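This report refers to the structure that appears directly beneath it.
Worth saying up front: this structure is predicted, and the values here are computed from it rather than measured. Residue numbers begin at 1 in each chain, while the letters A, B, ... track the order of the sequences.
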Amino acid sequence: MTPHPIHRLDDAVHQRVRLGILAACIGVAKVDFTYLKTTLGLTDGNLGRHLETLESAGLIAVERVPEGRRQRTWIKATPRGRQALRREIAALRELIDGVDGIDGLGEG
Amino acid sequence: MDVDPVMDRLLLVELQARVEDNRRRAGVLRFPLLAIGVANVLAAGWCLLAGRDHLLAFYAPVLAVVVLASRHHFRRMAERHGLLLPIRTWVLAACGLAVASAAVSRLGAALGATMLEEVGPSLVWVLGYHLLGRWGRNRALMAATIVMLPSTAVLATLASGDALVAAQLAVNGVLVCAAALSTAELA
């Protein structure tokens, strides 16, 4: 029996902000903290917490580069992160396809 | 884990839009495309002077300069916009196309197929540009490749030998430059 798609949703990834971070890192070499903050409309603290979660799960790599007196933080998705996002999108698509098969729910 | 079909649908749409948006950004290749277009126009002059058999000797150092200059340009853009565009895909594509077009030319010469030797390399580049345009969702580049095909056919009826190869390089180079100038820079 094929496991239900919810079992393929990863707790570290299946969260709106963290998915947004991973998606923003896909297809580009790397993005900086300010770009993510602006694009996703987050505060420094909120973004920082989600980055920590993703970094400790090995889904992103964080690089801090000194720039004058300040540090610039660059974020890039690891191969594991890219794979996790692909898996997440596939699981979400499967979940939604399943719901669309039920009368009345797919319309809403 | 919470699973809400409506929220998950919205999430999926948002994710797909973001990934697609990034793909479009990766196709913002104005600088490298312009550099490759100019290189092709210069290659046309080289072809007339040194002959089509020596084009790889021209492309190898010129493409290296294009790659280094583009990497520098992308890094400067990243400092300004906080987003570093990927360079690997189109660098591999450009180097692969240079080698593949040279191989097609040699194959044509070995088989005694003049048309393959003179037009084949240009068609390899046209195909490569088209695939690169598709990858980066770069409509201007894809449109340019559609113009390249009939122009190659017309040129093949007007010239032959080094003159034909040079003419194709010049026309394709100008079209790539036009596509580059129609491509928006990272905003």
So, the part of A/Arg72 with a heavy atom under 4.5 Å from chain B: the answer is side chain

Please classify the contact between A/Leu85 and chain B as side chain, backbone, both or neither, with a heavy-atom cut-off of under 4.5 Å.
side chain

B/Met77 CE to B/Phe31 CZ distance, which is reported to the nearest 0.5 Å
10.5 Å

Could you check whether the rings of B/Trp46 and B/Phe58 sit parallel, tilted or perpendicular, using 30° and 60° as the cut-offs?
tilted

Residues in residues 29-48 of chain A near chain B [non-hydrogen atoms, under 4.5 Å]
A/Ala29, A/Lys30, A/Val31, A/Asp32, A/Tyr35, A/Thr39, A/Leu40

Among A/Val28, A/Ile89, A/Leu22, which residue has the highest count of heavy-atom pairs closer than 4.5 Å to chain B?
A/Val28

Heavy-atom cut-off 4.5 Å, strictly under: side chain, backbone, both or neither for B/Glu79 against chain A?
both

Taking the six-membered ring where the residue is Trp, are the ring centres of B/Tyr59 and B/Trp125 under 6.0 Å apart?
yes

Any Lys/Arg nitrogen of B/Glu20 or B/Arg137 sitting under 4.0 Å from an Asp/Glu carboxylate oxygen of the other?
yes

With ILVMFWY side chains joined below 4.5 Å, transitively, what does A/Trp74's cluster contain besides itself?
A/Val65

Side chain to side chain donor-acceptor pair (under 3.5 Å): pairs with one or both residues in residues 159-169 of chain B, sequence neighbours excluded:
B/Arg52-B/Asp162, B/Ser122-B/Gln168

For chain A, which candidate among B/Asp21, B/Leu11, B/Val19 shows the most heavy-atom pairs at distances under 4.5 Å?
B/Leu11

Test item: B/Val176 and B/Leu34 side chains (from C-beta on) under 4.5 Å apart, heavy atoms
no

All salt bridge (Lys or Arg N to Asp or Glu O under 4.0 Å) counterparts of A/Arg16, not counting sequence neighbours
B/Glu14

